[in-house]
Amino acid sequence: MNILLRIATLVLGLGLVIAPPLLMFGMAASMGELEEVDSLARLLAEPLLVGLLLGAGPAFVGLPALVSGPRRPFVRLVAGILMVASILAMALTLIVTLQGRIAPVIGSALAIEVAAFSVFVWPAWSFSANSPLNPDAPASGTPIN
């Protein structure tokens, strides 16, 4: 089950990174604005940043070597913060477009992200400082002199 959730989270993250620039490109092409744009990178830069904000957290969590266990707390913290930002953005979008046709898609993506956060990121807060990977760390609750 964890493997399927990791794969779904990785696919969701990559899809959220790629979707905004592709949708912007499709909209510009359908409206005939591609001829007026002097640089395609300038057109797609902002949607790519939005996509990175929405999809980087799930993409990090989908790669188990980056976020699993007590080995990399900084990457886990960054992935958690990005996932919280993505969850809040999708929840706000879901509230705004509650009766739209995209609501089931956003609701499904939101459910996958909340499940991935609760399974892979949130339990990592309980890792102790004296794990087998760091045997020289002081025991939890003892002051460092």
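Both backbone and side-chain heavy atoms feed into the values below; hydrogens, waters and symmetry mates do not.
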(request) First locate atom OG of Ser86, then atom CG of Leu12, and finally report the distance between them rounded to the nearest 0.5 Å. (result) 7.0 Å

(message) Distance check, rounded to the nearest 0.5 Å: Leu110 atom CG versus Thr93 atom OG1?
(response) 9.5 Å

(request) Kindly work out whether a path of hydrophobic side-chain contacts (I/L/V/M/F/W/Y, heavy atoms less than 4.5 Å apart) joins Leu77 to Leu52. (result) no

(request) Compare all side-chain heavy atoms of Thr9 with those of Glu113 and state whether any distance is below 4.5 angstrom. (result) no

(request) List the atom of Leu10, the atom of Ala59, and the distance in Å for their closest heavy-atom pair. (result) CD1-O, 3.7 Å

(message) Taking the side chain as everything from C-beta on, heavy atoms only, tell me whether Val61 gets closer than 4.5 Å to Phe117.
(response) no

(message) Could you report the tightest heavy-atom contact between Leu53 and Ala85, atom names first, then the distance?
(response) CD1-CB, 4.2 Å

(message) Within the 4.5 Å heavy-atom criterion, are Met24 and Pro20 side-chain neighbours or not?
(response) no

(request) Report yes or no: do Leu48 and Leu54 belong to one cluster of Ile/Leu/Val/Met/Phe/Trp/Tyr joined by side chain heavy-atom distances under 4.5 Å? (result) no

(message) Please give me the minimum heavy-atom distance between Ala28 and Leu43, naming the atom from each residue.
(response) CB-CD2, 3.9 Å

(request) Mark yes when over 12 heavy atoms from residues, nucleotides or ligands other than Leu92 sit less than 6.0 Å from its CG; otherwise mark no. (result) yes

(message) Is there a path of hydrophobic side-chain contacts, each under 4.5 Å between heavy atoms, that joins Ile87 and Leu94?
(response) yes

(request) Write down the atom of Leu44, the atom of Phe25, and the distance for their closest heavy-atom approach. (result) CD2-N, 4.0 Å

(request) Could you pull out the closest heavy-atom pair between Gly13 and Pro58, with the gap in Å? (result) CA-CB, 3.7 Å

(message) Evaluate Met90 against Leu16 for side chain to side chain contact (heavy atoms under 4.5 Å, CB included), listing each step before the verdict.
(response) CA-CA 11 Å; Met90 279 201 270; Leu16 287 173; 4.1 Å; yes

(message) With clusters defined by side-chain heavy atoms of hydrophobic residues (ILVMFWY) lying less than 4.5 Å apart, directly or transitively, does Ile106 cluster with Leu23?
(response) no

(request) State yes or no: do Met83 and Leu88 share one hydrophobic cluster built from I, L, V, M, F, W and Y residues joined by side-chain heavy-atom distances below 4.5 Å, directly or via other members? (result) yes

(request) Work out which heavy atom in Ala56 is nearest to a heavy atom in Leu82; give both atom names and the distance. (result) CB-CD1, 3.7 Å

(message) Once side-chain contact (heavy atoms from CB on, under 4.5 Å) is applied, do any residues pair with Val105, and if so which ones, sequence neighbours excluded?
(response) Ile102

